[in-house]
Each structure stands twice: as C-alpha cells, then as structure tokens.
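Note on naming: letters A, B, ... go to the chains in the order of the sequence lines (proteins, then strands), and numbering restarts at 1 for each one. The basis for the numbers below is simple: all heavy atoms, side chains too, and nothing from hydrogens, waters or symmetry mates.
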Number of protein chains: 2
Amino acid sequence: MPRVSTSDDTLETALHTLEAYLRGKRLKMTDQRRTMVRAALSQDGHFTAEELHRALTVGGEAVSMATVYRGLAVLEESDLLEGHDFADGTRRYERAIDREHHDHMVCVDCRAVIEFTNERIEALQQEVVEEHGFTMNDHSLTLFVECKEWRAAGACERRTAREERRRTSGIS
Amino acid sequence: MPRVSTSDDTLETALHTLEAYLRGKRLKMTDQRRTMVRAALSQDGHFTAEELHRALTVGGEAVSMATVYRGLAVLEESDLLEGHDFADGTRRYERAIDREHHDHMVCVDCRAVIEFTNERIEALQQEVVEEHGFTMNDHSLTLFVECKEWRAAGACERRTAREERRRTSGIS
DNA sequence: CTAGCTGCAAAGAATTTGCTAAGTA
DNA sequence: TACTTAGCAAATTCTTTGCAGCTAG
C-alpha cells in the first residue's frame, strides 16, 4: 500500500463520501476510484491529471490516463477535490475535504502557489452575487504576484521548462 | 471599412498605443495588426480567438488563424486587450482600453458573462498581497453563479452545444 | 537591406471519446 | 443479469511552430 500522508480518518471520510455520491447517482465503486482517492489525498498542494497519473504509476497502481481524467471529474463532483484554472493551460486539483476554503496567489515568475483566506473578501463576493439576485455556485480568486522577496529567500524555485515557456509566451 | 462600434477616438488611441508598444520593442506595424485592433475593439463583450477570426473573415479582411493568435498576444501585451480564463477551455479577450477595471460573474448554466466592480474587494486584494510582501501583477476574480432569475427574464440564452457539453462534463 | 511578419501546413499538449472486455450491484 | 467501467487507441480542440516568401523601417 502506498504511503498516505493524510490521516486515515480523512481517507475513511473521503471514501464514505465518494460511496454516498456514487450510490446517489447509481454509479459504481471500483478499485481504480478507491486508488485514486488515496493517491489524490496524499498529493500535497495542487496537482495535475498527469502528476496524479504518474504518482499512481510510480506507486505500482497503474490506472490509465483516460480513467484518471474520468475519475478526477467524479472526485470533483463529489466534492472530494476542487479544480482550479491557474491560467497556465492545465487544470489543477487539490483536496477539498477536511480543509478550509481558501484562495490563491500564483507567482508569475516561478509559478509557486501560495494559499490565503480572507473572510471579508468572501463576504463581499457573496454580497455582490446576492445584489444581482443570483446564486453563487463557486468562485475563483487568483492573485498573480511576483514573489521576489520570497525567491530571494530561496523558496521560489519550482519553475519548469514548460511553465517558463507559457509564462514568456504571454499567457496569463 | 468594417463597422466600428467603438468611437473613432478610442480606435485612434488604440492604434497609437499599439504603435508606441511596437516601436519600443522594435516590432512592426502591419495591416493585419491594424485590422485586428479595429475588429477587436468592435467586438462586444468577451470574445475568443476563433470569434475574432470569424469576424475578420466575415468582414472580408481575412487574417490567418496563426496570425490572430500571435496578434492577440501582442494586443494583450500592449494592454489593448485583457485575457481571461473562464474555465471553459478557451481563452477569452475583451477591450482593456478606455474601460474601467472590473471582475466577472459567469453563469454556469448559460455561460453568460456579467461584469461588476467592487472597490472594497479590490482594496482587500491589494492588502493581502502586501501583507505577504509581494507585488500584485494582475488578478482574476470570477464568480460562477446561476442566474436563474435572469434567465427567467429571457436574457440568458447564449448556450451553445459546445458549452453545454463542457458544462455537463463537469468542467468548471 | 534585414529583422520581423504572414500564411500554411504540420506539430503539440491536454483532454475526450468510441469500443470491447471486464467488473459491480 | 444489466448496466457501469477500464483500458487502449483514435479523435478533438485549442494553440503553437517551422518554414519560405513578403514587407516595413
């Protein structure tokens, strides 16, 4: 069994949540879905479909790419994961269970993702939606920043070739 | 000359801005770029590369798709346009010149885009970034809402086959 | 002239989908 | 058993690139 950096409790809860979701939709629990839940919860931070797939493969629990994509959609719909678009061309996911809501700052330089929460902003967003008579379904706040100081401290090193290309090509 | 729903003044300003930008980077002004500026400014709302390309083609000023993509990058870098990711798989652009900054609400149902501004939210965002000692480069706030009431009024009808597929497939 | 541009076709990256065998309720 | 999945490969969608000839400065 692969190492799980999330508490067993969370994993239990997650599996139960998924089961309930599947039951409600008359879908089925499979080994691949269980495996994906475990692997997804043990990822730290924000991961891509490809990264999850690699983690599974490395862990000896190969699940096909197609299944990873289909599975991520299920995990997101069941609210185990939350998906984000950080404007770099690839969708990223993060654990949404047993965590508090938060927003993100993304360094345009090194693509590091820093999380933050601000209740006043949350409240104001809700206000805006209500003023329009709508219902909030979800929201996405991403601040694109330059974390020069942080990098100076040696903590801002995650740039990859691909991300660098994206960055300089004017996307985001 | 194609119809321009933007004031001639804005068009003038835009062309001057672009010229200045190009000069600074030792790039060249071309018919295609001029044409794209005109067409982009006359688009209303948020458009995709494909929509701009179609508008140009229909207007008899065919510009190749490759040039449209390359041109959009230039127009965005020169701050004539602003690009957004509304989590539907395609980048969208909107005029950024002679307009005030604003954020967006996107109806997850019909994909309509509603703009709004909220200075308090803006200020709080700036505060958050400063608290971390970073510099804000850009920010993106999108509220995904359900505009049922609005649709009831008959104003929420822009759903396309493709968008519908996206929506039901769990993206965003 | 000469670096930058355009169009075209081909390449790419990230997802999605059709199909058949296999698995779950 | 009946309907949902998994895996695989092929197909898509959006976007980027290589190249040859054209063009602005």
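Side-chain atoms of A:R33 come within 3.5 Å of backbone atoms of A:K28 as a donor-acceptor pair (strictly under, hydrogens ignored). A donor-acceptor pair under 3.5 Å is formed between the side chain of A:H53 and the backbone N or O of A:V63.
Each of A:M65 and A:R70 was matched to the nucleotide of DNA chain C holding its nearest heavy atom; the match closer to the 5' end belongs to A:M65. Nearest-nucleotide assignment on DNA chain D puts the 5′-proximal partner with A:V63, out of A:V63 and B:E50. Map B:A66 and B:L27 each onto its nearest nucleotide of DNA chain C; the residue landing nearer the 5' end is B:L27.
Rounded to an integer number of Å, the gap from CZ of A:R92 to C1' of C:dT15 is 15 Å. Rounded to a whole Å, the CZ atom of B:R26 is 18 Å from the C1' atom of C:dC5. As rounded to whole Å, 14 Å separates atom C1' of D:dT23 from atom CG of B:L22. B:H53 has its NE2 atom 17 Å from the P atom of D:dT13, to the nearest Å. Across the protein-nucleic acid pair, B:R23 atom CZ and C:dG4 atom P stand 17 Å apart, rounded to whole Å. The CD-C1' distance, from A:E51 to C:dA13, rounds to 15 Å in whole Å. Taking atom CG of residue A:D85 and atom P of nucleotide D:dC14, one finds them 14 Å apart after rounding to whole Å. Atom pair B:L56:CG and C:dG7:P shows a separation of 10 Å (rounding to whole Å applied).
Annotation: ring pair (Phe, Tyr, Trp, His ring centres under 6.0 Å) contacts of A:H104 (sequence neighbours excluded): A:H46, A:H84, A:F86, A:H102.
An OP1 or OP2 oxygen of D:dT23 is reached within less than 4.0 angstrom by no side-chain nitrogen or oxygen of B:Q32. Under 4.0 angstrom from either OP1 or OP2 of C:dT6 there lies no side-chain N or O belonging to B:S64. Residue B:Y69 has a polar side-chain atom (N or O) positioned under 4.0 Å from OP1 or OP2 of D:dT15. Contact annotation: B:R33 side-chain N/O to C:dC5 OP1/OP2 distance is under 4.0 Å.
A heavy-atom distance below 4.5 Å is not found between the side chains of A:N118 and A:D103.
Among the nucleotides C:dG7, D:dT15, D:dT5, the one closest to the side chain of B:A49 is D:dT15.
Here the closest heavy-atom approach between residue A:L18 and residue A:S78 is recorded as CD1-OG, 3.9 Å.
Axis angle between the ends of the helix from C:dC1-D:dG25 to C:dA25-D:dT1, five pairs each and rounded to 10 degrees, works out to 40°.
Linking Ile, Leu, Val, Met, Phe, Trp and Tyr whenever their side-chain heavy atoms come within less than 4.5 Å puts A:M29 and A:I97 in one cluster. Note on B:M36: it does not cluster hydrophobically with B:Y69, by side-chain heavy-atom contacts below 4.5 Å among ILVMFWY residues.
Atom-to-atom distance recorded for B:L75:CG and B:Y93:OH is 9.0 Å, nearest 0.5 angstrom.
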Collect all protein-nucleotide pairs involving nucleotides 20-24 of chain C in which both atoms are nitrogen or oxygen and the distance is under 3.5 Å.
| unit_1 | atom_1 | unit_2 | atom_2 | d |
| --- | --- | --- | --- | --- |
| C:dG23 | N2 | A:K28 | NZ | 2.8 |
| C:dT24 | O2 | A:K28 | NZ | 2.8 |

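For the residue pair A:E122 / A:H139, a side-chain donor-acceptor distance below 3.5 Å is found, with atom types taken as modelled.
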Go through B:R99 and B:E94 one step at a time and tell me if the side-chain contact (heavy atoms from CB on, under 4.5 Å) criterion holds. CA-CA 10 Å; B:R99 294 205 63 192; B:E94 69 175 316; 3.0 Å; yes
